[in-house]
Every structure is written in C-alpha cells, then in structure tokens.
Colleague: 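Before anything else, here's the structure in question.
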Protein chains: 2
Amino acid sequence: MALEHAILVALLEQPASGYELARRFDRSIGRFWTATHQQIYRVLRRMETDGWVTAEQVDQEGRPDKRRWSAAPAGRAALTEWLHAPVQPEAVRHELAVKIRGAAFADPAGRAALVVEVERYRADHEALLARYLAGERRDFPDVAAPDARAALQHVVLRGGIAYERMVLAWLDDVLVTLRALDH
Amino acid sequence: MALEHAILVALLEQPASGYELARRFDRSIGRFWTATHQQIYRVLRRMETDGWVTAEQVDQEGRPDKRRWSAAPAGRAALTEWLHAPVQPEAVRHELAVKIRGAAFADPAGRAALVVEVERYRADHEALLARYLAGERRDFPDVAAPDARAALQHVVLRGGIAYERMVLAWLDDVLVTLRALDH
DNA sequence: CTTGCCTATGCAACTTGTTGCATAGCAGGA
DNA sequence: TCCTGCTATGCAACAAGTTGCATAGGCAAG
C-alpha cells in the first residue's frame, strides 16, 4: 500500500494531473515505483475521498482540460506517519534468475536462446545506466551544498546507478557461465 | 505468471511436497521469488489439472501424510517454451527509495526516525549477506568443473551476493546523506 | 497436563495490479 | 482526407498476491 505514498511524495515535489503523474511514473519515479495511468486515476479518487489530496480544475486551450492534484494536510500527515513505520521486506520477483536456474533443464539450443535473451537484457540495462548518468549530469552538476530535496533525490539516483552497474557486471558473469556450459 | 515456472524449476531440482516447497521459497528460492504456502498449494492444484505436475501420496509415521510433487513431461515442455520467451521487464517496487525522497518533506524528528529505520534495514541486509556467503562456502567449496546445475545455482547466488554488497554500500551513502541534512 | 510449536493442507475474503477498451478533441504528415 | 499520435480521463474484467483463519495429530518443554 505504498502507491498512495509514492503519489504523495510526487505531488509534494510538484503538483500534477493524473496524466502527468503517469508520465513521471514512467520516467524518474519509475526507477523505484511503477504504476499504470489506470491505477493512478483510481488511487487518486480514493485519496480524494480520504482527504489526502485536493484537485483544482485547469481549463486549457487546444487540449483537454485537466485536474491538478496537490497533497492536502491530511495527506502530509499520512506520509509522516508512514515514514515512521518500519520498511516492509520487499517481495522479490526476479524472473531472470528463475530462468537461469531453469537453464539446467534445457538442451543446448534452449541455453543458446537464453544467452541471446540475456544479451538483450544486458543492452537494455546498459541503456538505462546511460540514461541515469545523463540525468545525473543534467540534474546534479555541482557537488556543493544542495538543498535537502536535491540531496535526497540524488542519493536515490546514485542507488539506481549502483544497481545498474552491479547488474551489468553480474550479467557478464552469467554470460561467461552460460557459454562455458556448452564450450 | 512465473510462479508456475519457479515451482517447475524447484521440482526439477528436487521433488517436494507443498509444505517443503513453501519452506524452500522461504530460503534459497526466496532469494529471487517469494510465495506463501497458500499460493503454492493453489497453484500446484492448477498445475495438476493442466498436467504440468503429478503427485504421489507419501504415508508417514508420527507426522501427517503428504503429497510429493514432480514435474510432468508437459510441465517440462512448458518450462522450455517459457525459457524461449523474452524476459518481462520487472515491476520495480522499492519502498525505501520512496521514503528517502519523502524525507525531504519530514521534520528533523521524522528524518531521525528514518535514519534508525535505515540502520535496521542495513543490519538485515548485512545478516543476509553473511548467510549467502556461508551458503556459498557450504554449497560451492571448490571451483573446479561443477555440473551445469551447480554452476547455474552458483551464478545466481553470486548475483545475490553482489546485490547485497551493492545495497550495503548504497545504504552507507544514504546514511551519510541523511545525517548531513541536520548536521 | 497444558501450552506452544512443527508438519501438512486448505478455504475464503480481500487488496493490488494488469489488460483491454472507450471517449474526445486537436495537431501534423502523407 | 485519412491516419497516426498526443493529451486527458475513465470503466470493467481479470489475474496475482496477501491475510486471516481452520483442521489435526505429534512432540517437547515447563
């Protein structure tokens, strides 16, 4: 039940419509929390009835009108309470690891297919790392005295960068291991 | 829909009852896929009607009888087909990252609480890393010429170890960053 | 001898997340 | 002109995962 809280953080950083939130969940926020627009709209309505967020109608020219959402005091209070609660142990779902262990029960052709798949997966993560590094250069160019918000956003981004580097190194290890099985 | 496939891999590695599977999902398999016993029992029954697994009744003395499940040929075929399919992009849900960005909107007391929470989280991951390393020493003591199954299990375990090391380094970074906000 | 824990399986209700589809106006290119 | 794509919001059906509870015998500690 943390999508509510991820939305609260996003709205505190910058009020937005459901559509804009969805796009941010596809980009920067999507690094650590994913959600579809359908889910976001549904949760926003629930949060509205709970008094966590308020909407402001924005009429637009040349494009559809929208509702700009902001975090309400009750939402801020809910966020504070949540920050004090213990972090829930994460539910790990790492499909690739299952496939790698499953490769022990595949024939050489099946393992060859997995090698191709791992290479594609590796390329995706290499591209992701490049995007993170470009974002870091763009958004955090100087090291000196950032405000709290920027410092915290930066440390989360550094986590994403460290994760991608670790994944790339591990995937190289996986590829060496897979290729060694059939020479 | 990969729980089915994780169960197939687990049963190919070693046939087991639902209860034993659940315990393995709490330990070794739980590194990359989590599931409760309720979910495992439910999915096993669906897999049975699909002909993916077969059960064998095992009468026991001094403890309840059990059903030992094995992967059937149709299950093996389904696994092979799945190995050829592209890896689905993972749905990221990293609660701690949300909390860290949320800390920008908390007062110093709230941030102090988060520091305590991150320290606890760090201790958990340090213990996890120790368990992985102990498991590695126990299960993969020699480097020379392992069979395919051991080699693949080992490379997945190395992934877990690399992940935990990365997490610990990042959490140190997080703690430094959080503490610097309020001196 | 009672309390709690382990083995072993399962039901039912609920929450969360996914997928497919719908609407509707505007902009830009072939 | 038609087709595609973007902004903007939403419904409905479904799949997946969680939580609470139930049963039932045995075993060990206090």
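Keep in mind that the numbers below use all heavy atoms, side chains included, and drop hydrogens, waters and symmetry copies. Every chain is numbered from 1 and lettered A, B, ... according to where its sequence line falls, protein lines coming before strand lines.
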Colleague: Closer than 3.5 angstrom, by distance alone: can the side chain of A/R68 be matched with the main-chain N or O of A/S17 as a donor-acceptor pair?
Modeller: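 Between the backbone of A/S17 and the side chain of A/R68 there is no qualifying donor-acceptor contact (under 3.5 Å).
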
Colleague: Can you identify which nucleotide, out of D/dT9, D/dG17, D/dT18, has its nearest atom closest to the A/H37 side chain?
Modeller: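 Nearest listed nucleotide: D/dT9.
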
Colleague: Once you round it to whole Å, what is the distance between P of C/dT15 and NE2 of A/H5?
Modeller: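 Rounding to the nearest Å, NE2 of A/H5 and P of C/dT15 are 16 Å apart.
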
Colleague: Among the nucleotides C/dG10, D/dT9, D/dT18, which one has an atom lying closest to any side-chain atom of B/R67?
Modeller: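 Closest nucleotide among those given: C/dG10.
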
Colleague: Please confirm whether the backbone N or O of A/V87 pairs with a side-chain atom of B/E117, one donor and one acceptor, at under 3.5 Å?
Modeller: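 Looks like yes, one N/O pair under 3.5 Å.
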
Colleague: Specify the separation, in whole Å, of atom CD of A/Q60 and atom C1' of C/dA27.
Modeller: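 Checked: the CD to C1' distance equals 15 Å.
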
Colleague: Salt bridge check: are B/D59 and B/K66 linked by an N-O gap of less than 4.0 Å?
Modeller: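 Looking at B/D59 and B/K66, the cut-off is not met.
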
Colleague: Taking for each residue the nucleotide of DNA chain C with the nearest heavy atom, is it A/R63 or B/D65 whose nucleotide lies nearer the 5' end?
Modeller: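 On the 5' side of the pair lies B/D65.
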
Colleague: Rounded to whole angstroms, how far apart are NZ on B/K66 and C1' on D/dT23?
Modeller: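 It works out to 20 Å between those atoms.
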
Colleague: Please state whether the phosphate of D/dT18, meaning OP1 or OP2, lies under 4.0 angstrom from any side-chain nitrogen or oxygen of B/Q39.
Modeller: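 Yes, such a contact exists.
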
Colleague: Among D/dT18, C/dG10, D/dA16, which nucleotide sits nearest the side chain of A/A91?
Modeller: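 Side chain of A/A91 sits closest to D/dT18.
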
Colleague: Is there a donor-acceptor contact under 3.5 Å from the side chain of B/R93 to the main chain of A/T34?
Modeller: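 The answer is yes, because a donor-acceptor pair under 3.5 Å joins these two groups.
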
Colleague: Would the base of D/dG25 count as contacting B/E61 through its side chain, where contact means a donor and an acceptor less than 3.5 Å apart?
Modeller: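 Checked by distance alone, the answer is no.
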
Colleague: Quick one: which of D/dG17, D/dG10, D/dT9 gets closest to the side chain of A/R93?
Modeller: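 Ranking D/dG17, D/dG10, D/dT9 by closest atom to the A/R93 side chain puts D/dG17 first.
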
Colleague: Would you indicate, yes or no, if C/dT9 has its OP1 or OP2 atom less than 4.0 angstrom from a side-chain nitrogen or oxygen of B/S17?
Modeller: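 Yes, within the criterion.
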
Colleague: Of all the nucleotides listed (D/dA16, D/dA13, C/dT9), which has the minimum atom distance to the side chain of B/R46?
Modeller: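 The answer is D/dA16, which lies nearest to the side chain.
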
Colleague: Indicate, yes or no, whether a donor-acceptor pair under 3.5 Å links the base of D/dG20 to the side chain of B/Q38.
Modeller: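 Donor-acceptor pair under 3.5 Å: yes.
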
Colleague: Please report the distance, rounded to the nearest Å, between CD in B/E90 and C1' in C/dG17.
Modeller: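 Checked: the CD to C1' distance equals 16 Å.
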
Colleague: Where the side chain of A/Y41 is concerned, which of D/dT7, D/dG10, C/dT19 is the nearest nucleotide?
Modeller: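 Among the listed nucleotides, the one closest to the side chain of A/Y41 is D/dG10.
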
Colleague: Measure from the side chain of B/P64, starting at C-beta and using heavy atoms only, and say which of D/dT7, D/dG10, D/dA24 lies closest.
Modeller: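 Of the options given, the side chain of B/P64 lies nearest D/dA24.
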
Colleague: Would one find a side-chain N or O of A/Y19 under 4.0 angstrom from OP1 or OP2 of D/dT9?
Modeller: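 No, A/Y19 has no side-chain N/O under 4.0 Å of OP1/OP2 on D/dT9.
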
Colleague: Using a cut-off of less than 4.0 Å, is there contact between a side-chain N or O of B/R23 and OP1 or OP2 of C/dT7?
Modeller: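 Result: yes.
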
Colleague: Would you indicate, yes or no, if C/dT18 has its OP1 or OP2 atom less than 4.0 angstrom from a side-chain nitrogen or oxygen of A/R42?
Modeller: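 No, A/R42 has no side-chain N/O under 4.0 Å of OP1/OP2 on C/dT18.
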
Colleague: Once you round it to whole Å, what is the distance between C1' of D/dT9 and CH2 of A/W69?
Modeller: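 Answer to the nearest Å: 11 Å.
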
